[in-house]
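Here the structure comes first, spelled out in structure tokens, and everything after it is commentary.
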Amino acid sequence: MRSDDTTRDAGGPGQGPGPGPDLRLTVLAGPTAVGKGTVSADVRARYPQIWLSVSATTRRPRPGEIDGVHYHFVDDATFDRMVEQGEFLEWAVVHGRNRYGTPRAAVLERLAAGTPALLEIDLAGARQVRAAMPEARFVFLAPPSWDELVRRLVGRGTEDEEERERRLTTARVELAAEAEFDHVIVNDEVHRATDELVSIMGVRTREGSGVGR
Ligand code: 5GP
């Protein structure tokens, strides 16, 4: 973990020192299948005062996903144009398949407006944000244990042996990235993990929000 967990005067884009809440961007990353999407959906559902960045992606929408809410679903040519025009704060190919990117302008607008802002992205993306915006806050979502991560990764049993091995190798490498982060949250229970994230962001957690705990 980094030792300097204070806002530094790094001159990041769109952020000046100022009164009020801690206005750093928060980046949530972690290994595949750890539940980042579930935690960010829980933030969306229970903490509407937190703005969640809407990424652009070249993957097709899944049932129930809404364009402009869950992602901006774009074609390859549009994504290419956005890259060329420098519209992304970061972008990456995820799982060797589709491209995902964080539109920069929306993030800067929210930070300038003083809205707590959250990105849920992969590890490669988090490293790019660290390079572009070192003053951001980096949070790693960790599984309760290696065995639990294996269960979540291969539990459905729909992958063949080679695919399972590939995923496990990736997971080992991804887990080692934990040391690069400012905070580590163990995703043992979704509401609890969400509330820990929210309080790290300086946002008050909801009384009694952890129903069922
Ligand atoms: P999914 O396709 O299941 O929604 O997301 C797959 C992966 O893409 C997740 O690990 C998610 O964190 C990552 N991801 C989503 N948006 C972005 C983005 O804008 N940039 C990067 N680098 N990764 C993203």
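One-based numbering, in listed order, for ligands and for the atoms of each. In this chain, numbering begins with 1 at the start of the sequence shown.
A salt bridge links R192 with D188: the distance from a Lys NZ or Arg NE/NH1/NH2 to an Asp or Glu carboxylate oxygen falls below 4.0 Å. Looking at E84 and R81, no side-chain N of the basic residue comes within less than 4.0 Å of a carboxylate O on the acidic one, giving no salt bridge.
Put simply, the residue from S55, S53, S40 that forms a side-chain hydrogen bond (donor to acceptor under 3.5 Å, both in side chains) with E120 is S40.
The residues lining ligand 1, counting any heavy atom closer than 4.0 Å, are K36, S55, R59, R62, Y71, E90, A92, V94, Y100, G101, T102, E120, I121, D122, G125.
A 6.0 Å sphere centred on CD of E162 holds no more than 12 heavy atoms belonging to other residues, nucleotides or ligands.
Looking at residues two or more places apart in sequence or on another chain, you find a side-chain hydrogen bond (donor to acceptor under 3.5 Å, both in side chains) between D80 and R99.
Checked against the 6.0 Å centroid criterion, the rings of F88 and F79 qualify as a close aromatic pair.
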